Every structure is written in C-alpha cells, then in structure tokens.
Chemist: 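Submitted below is the structure of interest, expressed as structure tokens.
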Amino acid sequence: MQAPARDSYDVVIVGGAIYGSAVAWFLISNPDFDGRILVVERDPTYAFASTSHTNSCIRQQFSEPINVQISQFGAEYVRKFREHMGHDPDVPELRLHAFGYLYLADNEAFAAVLRENQRIQAALGAGTRHMTRDEIAAAYPFYNLDDIIAGNHNLIDEGYFDGNSLFDWWKRKARQAGVEYIANEVIAMNRNTAETRVESVILTSGEVVGCGTVVNCAGPRAALTARMAGLDLPVEPRKRYSFVFEAQTPLDRDLPLTIDPSGVHMRTDGRYYLAGCPPDDDGPVDYTDFTEDHALWEDKVWPILATRVPQFEAIKLRQSWVGHYAYNTLDQNAILGPHPQMRNFIFCNGFSGHGLQQSPAVGRGLAELITYGDYRSLDLSPLGYERVAENRPLIERAVI
Ligand SMILES: Cc1cc2nc3c(=O)[nH]c(=O)nc-3n(C[C@H](O)[C@H](O)[C@H](O)COP(=O)(O)OP(=O)(O)OC[C@H]3O[C@@H](n4cnc5c(N)ncnc54)[C@H](O)[C@@H]3O)c2cc1C
C-alpha cells in the first residue's frame, strides 16, 4: 500500500484504469485547471480491470445520437493521437484498423431497426450502409447468408484500435504532469451532515484524505464505490467471453466485426480471429469470478462460427479469457456527471460493452465539468444520473 503525499486533494479519482487515467489526463492538461489530483488504484497490475480484457473496437453504429457523437470524437482522437498529446514525438501514432462492424438481420423487424439506425447515423455524418443480402454476399463471399435478409456496415472509423496504448500514455503523461497515483483502496467515504458533499475518502491503509471532488472510475465495482457515499448505482459485473482462433485456411480479406443474430460476434484479429459472447444465462457474478467455460466454445461458439463462415469448420483455439462488463442494468449506457444532490460526487460508470471507445469524449467532458461546472465541447447531459433517479432509461438499440 502506498500512502498519499498530502492529506487533501482537489480531485480524488477512485480507480486508475482507462477512465481514471482519461479524467486525470484531460484535467491536468487543461491550462484552466490548477488543482491537485490523486488517483487511487487497488490493483496497479490491472489484472482484473475491464480495460485489460477489452476487445478494443470502436463503432459509429449506435441508435442514440449522443453515442454516435461520442464515438466520432473517439475515432478522431485515435487517428490524431499524437497531435492531441501535444505533438510529443515520443507518443506513437495509433492506427484504426477499419474493417467495420456488420450487423446481420435475420428478420424483417430487425432489418427495419437497422434501416432506422442507418438513417440516424447518416444524418450525423457516419458512413453506414444498409445492405441487401446480395450486396453482403458480393462484398464478403465467405459468409453463409441463407437465413439473412439484410445488414448494416460501415468502413469509416469503425474497427480495432490500440486502446492499451491510449491508456498507457494517458497514465504516463498524467503522472509526468503531476498527477499522483497510489496503490491503495478506497473503502469508505465521509459525508457532511446535510449529506450533500463527500468530504473525505478513507483508504484501506487508514488515511483519511480530504477531497474537493470525488470521481467514481471503479469499473465493475462502481456500485460499491457509490454505496460508500450512500448512493445507488445500477451497475453490476457481468461476464463476457473472448476467444482468439486461427483458421486453417485464412479468409482472403478482413472479417468485419460481424454481429451474428445468435449474439456471437467475430472479427479479424491480426492473422487470427476473435469471437465473443455473453453466457447463455447472463446475470451478475462475483467481483472475483473470472472462471472460463470451455463447453461454451465447443458447444456454442464454434458451431455458430462454422455455420456463418463455412471456412471456420477447420479452426484452432489459440487463447481465451473472461472479462467483466460494468453492466448498467437500467439501459446499458454510460452514467456520467454529478449526483443531483451530492454534487461533488461524479459518476463515470456503467459503460457496459462500449466504454473503451468512449474514453476520449468522456474524459474530456468530465474534465470540463470539473473545471468549469458545465460541458463545453459536447453536452453529455443525456447520460446524466438524473435518468437513473427518475427510472427513465435511454434506450440504445445497438448494444453488443
Ligand atoms: C470482454 C470485453 C470486451 C470489450 N470490448 C469493448 C470494445 O470492443 N470496445 C469498447 O469500447 N469497449 C469494450 N469493452 C468495455 C471497456 O473495456 C470498458 O468499458 C472500459 O475498459 C472500462 O474502463 P474503466 O476504467 O471504467 O473500468 P476498469 O478497467 O474495470 O477499471 C476500474 C479500476 O478501478 C479499480 N478500483 C475499483 N474499486 C476501487 C477502489 N475502491 N479503490 C481503488 N481502486 C478501485 C479497479 O482495480 C480497476 O483497475 C469491453 C469489455 C469487456 C470486458
């Protein structure tokens, strides 16, 4: 355990993975912010963080305009990463491998949803195409499309990016600029008597650390952190399985990130391929449960892959892992910004399966909120906590 250097900070961030580091970096690099920042991370190896288990893809194909806009900035940020990091020659250029997401519809109702989504995305400038089965077959002859009637695909700003480098450089540069990271755990919080402010956080090593603002970046453990301030948060850990496999005869072109109607998704992953899915019985799991289910691969995922892409009958599993989504049970969307009554408690939670790509826009937005009291670049208030308090879900129809 590391002790903090001071006994109070302007901003205390609980959790130092991609979000803790995004908020810390966007704050410390803002010339209008002159406070001190402490990032408390219970596991600096990040072995169980969502950030370490991610599939690291980005898409424009959402149904909620705010999610499209968030990812549009995400893609721009990734493409111009070095520029955004102050043209530092040490910072690498990041590539966005744009194979696109391909949503497949096997019924008219979902095809209608895809047509509507395409309209929303195109109105915001995204390159999504609604495709007939014949058009999909012409572009990607390796699919078996017998049951498919249509699909949506977008080859612009959609695909894989190196989220780990983004995280690594935000953390590194934030530290260089004076953000203090400590290996420790926040275990409780003290509130004022009116219960309108968090006054301090208590660390597992015993220190009581005063805070101007506290930011909840605790990933799947976010509800535990909120409860320390007496607040409810509908976020729970849910398992997601990833499988990397090799094909005996590789495809002759990229495999788009294909969202099969079965719920299994698959994509190109360098010279390999990556597939993922939820468990059949999807629900909350213990924070420490990362056990794999090998029957899932044999009995479900492989047969689905081989049916959709007959060339995948001959494949070899190379690697697999289980990660946790910080699953927002209300609407699977991010929950961002202050609690309406306890305004110095900032949520940065509930990203479910699309948090990595949202980190540039959300890091920037929360840094603006803390510095200026409002969002400046992109209004993230549709994702505010108010909808949780009012039980008013923001329905996103493109959830993976
Ligand atoms: C299998 C899988 C695939 C995914 N694929 C994609 C994808 O393709 N595209 C995409 O955009 N997103 C994807 N995601 C989602 C994305 O990875 C997450 O939304 C994102 O990484 C969340 O980051 P985070 O910092 O909020 O949480 P985490 O990475 O979980 O970090 C939270 C940190 O908080 C620390 N912490 C918790 N409680 C405390 C405490 N009390 N005190 C101190 N420290 C604490 C933890 O140790 C942890 O390091 C995927 C996720 C998974 C699991």
Side-chain angles (χ1 to χ4, degrees), residues 1-2 12-24 38-59 62 67 70-71 74-75 78 101 158-161 163-164 166-167 170-171 181-189 201-205 209 214-229 235 237-243 257 259 265 267 269 274-278 287-288 290 320-328 332-336 347-363 399-400:
M1 292 296 151
Q2 290 168 303
V12 172
I13 300 176
V14 186
I18 192 114
Y19 273 100
S21 299
V23 174
L38 176 71
V39 178
V40 186
E41 171 52 56
R42 66 192 295 278
D43 174 17
T45 71
Y46 300 100
F48 302 104
S50 301
T51 302
S52 306
H53 294 130
T54 189
N55 294 345
S56 210
C57 285
I58 183 165
R59 59 184 160 120
F62 289 94
N67 284 333
I70 285 174
S71 281
V78 166
Y101 284 53
E158 276 197 7
Y160 171 83
F161 68 103
N164 197 44
L166 200 70
F167 167 39
W170 279 340
K171 177 157 51 81
Y181 278 68
I182 56 167
N184 214 316
E185 183 170 359
V186 174
I187 54 162
M189 296 183 189
V201 305
I202 302 171
L203 304 181
T204 192
S205 51
V209 186
V214 61
V215 190
N216 183 354
C217 293
R221 291 174 184 258
L224 298 178
T225 302
R227 207 159 302 137
M228 294 178 204
V235 172
R238 291 212 184 176
K239 277 183 171 181
R240 289 298 179 267
Y241 297 83
S242 298
F243 306 95
L257 199 160
I259 298 99
H265 57 84
R267 68 161 166 92
D269 189 38
L274 185 146
C277 66
Y287 293 104
T288 58
F290 290 87
S320 59
W321 65 88
V322 169
H324 286 175
Y325 274 9
Y327 191 90
N328 166 353
Q332 292 95 69
N333 273 312
I335 299 169
L336 304 175
F347 295 97
C348 180
N349 303 118
F351 296 96
S352 305
H354 48 268
L356 209 80
Q357 64 197 278
Q358 299 200 320
S359 56
V362 170
V399 164
I400 299 174

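Start at 1 and go down the list; that is how both ligands and their atoms are numbered. Treat the numbers as computed from the prediction; the structure is a model and nothing was measured. Residue numbers run from 1 in the order of the sequence given.
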Chemist: Which atoms from ligand 1 have a heavy atom of Val14 less than 4.0 Å away?
Modeler: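 In order of number, 39 (C), 40 (C), 41 (N), 42 (N).
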
Chemist: Which of the listed options, Ala49, Gly15, Cys217, holds the heavy atom that is closest to atom 32 (C) of ligand 1?
Modeler: Cys217

Chemist: To the nearest 0.5 angstrom, please state how far the SG atom of Cys57 sits from the CG atom of Leu356.
Modeler: 9.5 Å

Chemist: Would you mind telling me which of Tyr241, Phe290, Phe351 makes a ring pair (Phe, Tyr, Trp, His ring centres under 6.0 Å) with His324?
Modeler: Phe290

Chemist: Can you list the atoms of ligand 1 that are under 4.0 Å from a heavy atom of Thr51?
Modeler: 21 (O), 23 (O), 25 (O), 28 (P), 29 (O)

Chemist: Pro220 heavy atoms, cut-off 4.0 Å: which ligand 1 atoms fall inside?
Modeler: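 Listed by number with element: 30 (O).
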
Chemist: Under 4.0 Å from a heavy atom of His53: give me the atoms of ligand 1 that qualify, with their elements.
Modeler: 1 (C), 2 (C), 3 (C), 52 (C)

Chemist: Yes or no: does Ala326 have any heavy atom under 4.0 Å from an atom of ligand 1?
Modeler: no

Chemist: Number the atoms of ligand 1 from 1 as they appear, then name those within less than 4.0 Å of a heavy atom of His324, with their elements.
Modeler: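 Heavy-atom distances to His324 below 4.0 Å select 53 (C).
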
Chemist: Exactly one of Leu38, Val214, Val215 should register a side-chain contact (heavy atoms from CB on, under 4.5 Å) with Ile13. Which one does?
Modeler: Val215

Chemist: Is there a side chain to side chain contact (heavy atoms under 4.5 Å, CB included) between Ile70 and His354 once you walk through the steps?
Modeler: CA-CA 11 Å; Ile70 285 174; His354 48 268; over 6 Å; no

Chemist: What do you reckon, does Ser352 put a non-hydrogen atom under 4.0 Å from ligand 1?
Modeler: yes

Chemist: Enumerate the atoms of ligand 1 whose separation from the nearest heavy atom of Gln357 is less than 4.0 angstrom.
Modeler: 9 (N), 10 (C), 11 (O)

Chemist: Do Val40 and Val14 come close enough that some side-chain heavy atom pair is under 4.5 Å?
Modeler: no

Chemist: Please work out which of Phe351, Tyr160, Tyr19 has its closest non-hydrogen atom nearest to atom 25 (O) of ligand 1.
Modeler: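 Among Phe351, Tyr160, Tyr19, the closest heavy atom to atom 25 (O) of ligand 1 belongs to Tyr19.
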
Chemist: Is there any N or O on Gln358 that sits under 3.5 Å from an N or O of ligand 1?
Modeler: no

Chemist: With atoms numbered from 1 as shown, which atoms in ligand 1 lie under 4.0 angstrom from a non-hydrogen atom of Cys57?
Modeler: 7 (C), 8 (O), 9 (N), 10 (C), 11 (O)

Chemist: Mark up the atoms of ligand 1 that fall under 4.0 Å of a heavy atom belonging to His354, in ascending order.
Modeler: 10 (C), 11 (O), 12 (N)

Chemist: Among Asn184, Ile18, Val186, which residue places a heavy atom closest to atom 41 (N) of ligand 1?
Modeler: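 Looking at heavy atoms only, Val186 sits closest to atom 41 (N) of ligand 1.
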
